Number of protein chains: 2
Amino acid sequence: MPPYDPSAYPPFAVTVDLVVLTVRRHALCTLVVRRGESPYQGRWALPGGFVRAEEDLGAAAARELVEETGLCAHDPAAPPPVPSNGAHLEQLATYGAPDRDPRMRVVSVAHLALAPDLPAPRAGGDANSARWAPVEELLGEDALAGKAEAAAAAAGEAGSEEKEGGPEALAFDHARILADGVERARSKIEYSSLATAFCPPEFTVGELRRVYEAVWGVSLDPRNFHRKVTGTPGFLVPVGGTTTRQGGRPAQLFRAGGATLLNPPMLRPEV
Amino acid sequence: MPPYDPSAYPPFAVTVDLVVLTVRRHALCTLVVRRGESPYQGRWALPGGFVRAEEDLGAAAARELVEETGLCAHDPAAPPPVPSNGAHLEQLATYGAPDRDPRMRVVSVAHLALAPDLPAPRAGGDANSARWAPVEELLGEDALAGKAEAAAAAAGEAGSEEKEGGPEALAFDHARILADGVERARSKIEYSSLATAFCPPEFTVGELRRVYEAVWGVSLDPRNFHRKVTGTPGFLVPVGGTTTRQGGRPAQLFRAGGATLLNPPMLRPEV
DNA sequence: CGTGTTTATCGTCAGGAAGACGACTATGAT
DNA sequence: ATCATAGTCGTCTTCCTGACGATAAACACG
């Protein structure tokens, strides 16, 4: 790399942060790690780390994802030959407020990963521990600045609310990043087949419906949902077998079809 | 800012690049500037520049927008008190391949700006000149790698196609950034009222329809379009007057309504 | 072994949205 | 006066959706 006058531009640290979402026990959950270092020590944070000198942004996110979860990132542009436990990974947004990290100027390129339900997370790297936390618990409708907290005061809130959004507020601006990631996932499963990324390779219509219900936080009519997804071309391909994982009548098994954009889209119920 | 061990992380340069879109003479156009400096000297590029040491990413994009176009950025989160000629500005994506700039490691946070038709651009900063270029001319269906160029060979292509995507290929990875920005705009005017950002403060239904037609590259039925947009709550509010800017029968004038999300959405015609 | 429960799947019906297109209106150009 | 252009209002058919009844196939219990 040719030299260049370093005084012509200010130096930045560039990191990647990960919003890893999954559906566990009917709830949308995200991976958080306990911070062991100085700023926000002991608080939960999104997993992440520095981008290496010769590393692409997406590669850095994939590396962090493997380190934290063992998941093999599944680039939508280049489907892997082996259908391993690959998670969907895409860039979310970049956060670079000058004071977001008190140590130095850090620009963080957040990525969004969607994964099927996994066993307990393995703590990796510099994290003391890691867990799947329900996003509702982390984003309690007022975990972000700007939301009215009048309702809490009026209701005589039980528990120990802290100043910045609940007892388990995330470090840095990670609550904002998580909220953006959740909103991205909520809107993207509307018009793409991304909801299948939350499912194992073979799944039933009911399991897919429970993904939508968990991500959107609504309940859907099983009959209309079944008609909709089986009638959308390219969304699901039957794989032949049946299963009775959930009790009740055995259900057909499907794989994700080749379609990435759904037409017609799934419609999120109104408010 | 407290000191921090600079050997613990590799230093990056962080820039913002702008995809400024407008509709001119029934065509979707973007602002490009002529590069005066060494890599890709003389080639067209997207406007952009370094983020300053204490500057937020959005602020840097807004500053570049003012420098290049005189447009006052219009943060959706904080509507300006004065309805000046504010353009819509939002973050698009971040590009940080290790070799995207031969001089050094640069991470560019691209932003998307939508503006009404403007007078000739004023060349600012380090740009020799600037112009509005039709995106179709910059992204000729094969300006990006990966597209099949077999059709060009079979048709006995006239003109002087270069190796990397046409005679006016953009510098760096700016063709990719532009393509992503155009795709964002195309999809976002479907379900949001963002198409009004391409219109002057007061506009007619026909002018709004021509925006959709230019951005999507299709032709829409004027009668169905009229019924749709006037029937979508919060999209348009009548302002009272009429105009005959386009010839023909005078048309009612509207302003953009308060709605940001359209329900039902506008539907882009199928392939 | 019957009954109840759970889940899956198929059908029906009414309301609404959208595409195709006819008809009419109000301006300027010739 | 006539034509061209652009805007606006209706109609009709088709498709999608939400609400919901009905049936099917498993298991749990008495």
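Per chain, numbering begins at 1; letters A, B, ... match sequence-line order. Values reported hereafter were calculated over all heavy atoms of this structure, with side chains retained and with hydrogens, waters and symmetry mates removed. Because the structure is a prediction, the values reported are computed rather than measured.
Taking atom CZ of residue F254(B) and atom C1' of nucleotide dT8(D), one finds them 10 Å apart after rounding to whole Å. Atoms CZ (R209(B)) and P (dA6(D)) sit 9 Å apart, rounded to a whole Å. N263(A) places its CG atom 12 Å from the C1' atom of dC16(D), with the value rounded to the nearest Å.
For the salt bridge (Lys or Arg N to Asp or Glu O under 4.0 Å) condition, the pairs that include at least one residue of residues 195-219 of chain B, sequence neighbours left out, are E207(B)-R245(B), R209(B)-E213(B). Applying the ring pair (Phe, Tyr, Trp, His ring centres under 6.0 Å) test to residues at least two apart or on different chains, the pairs with a partner in residues 200-221 of chain A are Y212(A)-W216(A), Y212(A)-F225(A).
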(message) Before you tell me yes or no, could you show the steps for D17(B) and Y95(B) under side chain to side chain donor-acceptor pair (under 3.5 Å), namely the whole-Å CA-CA distance, both residues' side-chain angles and the distance that decides it to 0.1 Å?
(response) CA-CA 10 Å; D17(B) 286 326; Y95(B) 301 83; over 6 Å; no
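A side-chain contact (heavy atoms from CB on, under 4.5 Å) with I189(B) holds for exactly one of L208(B), V215(B), T196(B); it is V215(B).
Annotation: the span from L220(B) atom CG to H226(B) atom NE2 amounts to 14.0 Å, rounded to 0.5 Å. Considering OG of S187(A) and OH of Y191(B), their distance stands at 6.5 Å, rounded to 0.5 Å. The CG atom of L178(B) lies 7.0 Å from the CG atom of L21(B); values are rounded to the nearest 0.5 Å.
Residues forming a salt bridge (Lys or Arg N to Asp or Glu O under 4.0 Å) with K188(A) (at least two apart in sequence, or on another chain): E90(A).
In plain terms, the two heavy atoms of A175(A) and L139(A) that are nearest each other are O-CD2, 3.6 Å.
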(request) Produce a footprint string for nucleotides 20-30 of chain D: one letter per nucleotide, 5' end first; B if the base is under 4.0 Å from any protein heavy atom, S if only the sugar-phosphate is, - if neither. (result) BBB-BBS----
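Contacts between residues 226-235 of chain B and DNA chain C, defined by a heavy-atom separation under 4.0 Å, are made by R227(B), K228(B).
Counting any heavy atom pair closer than 4.0 Å across all strands shown, R245(B) reaches no nucleic acid atom.
Nucleotides of DNA chain C lying under 4.0 Å from heavy atoms of chain A occupy a range whose first and last members, 5' to 3', are dT6(C) to dT12(C).
By the 4.0 Å N-to-carboxylate-O rule, D180(B) lies close enough to R176(B) to be salt-bridged with it.
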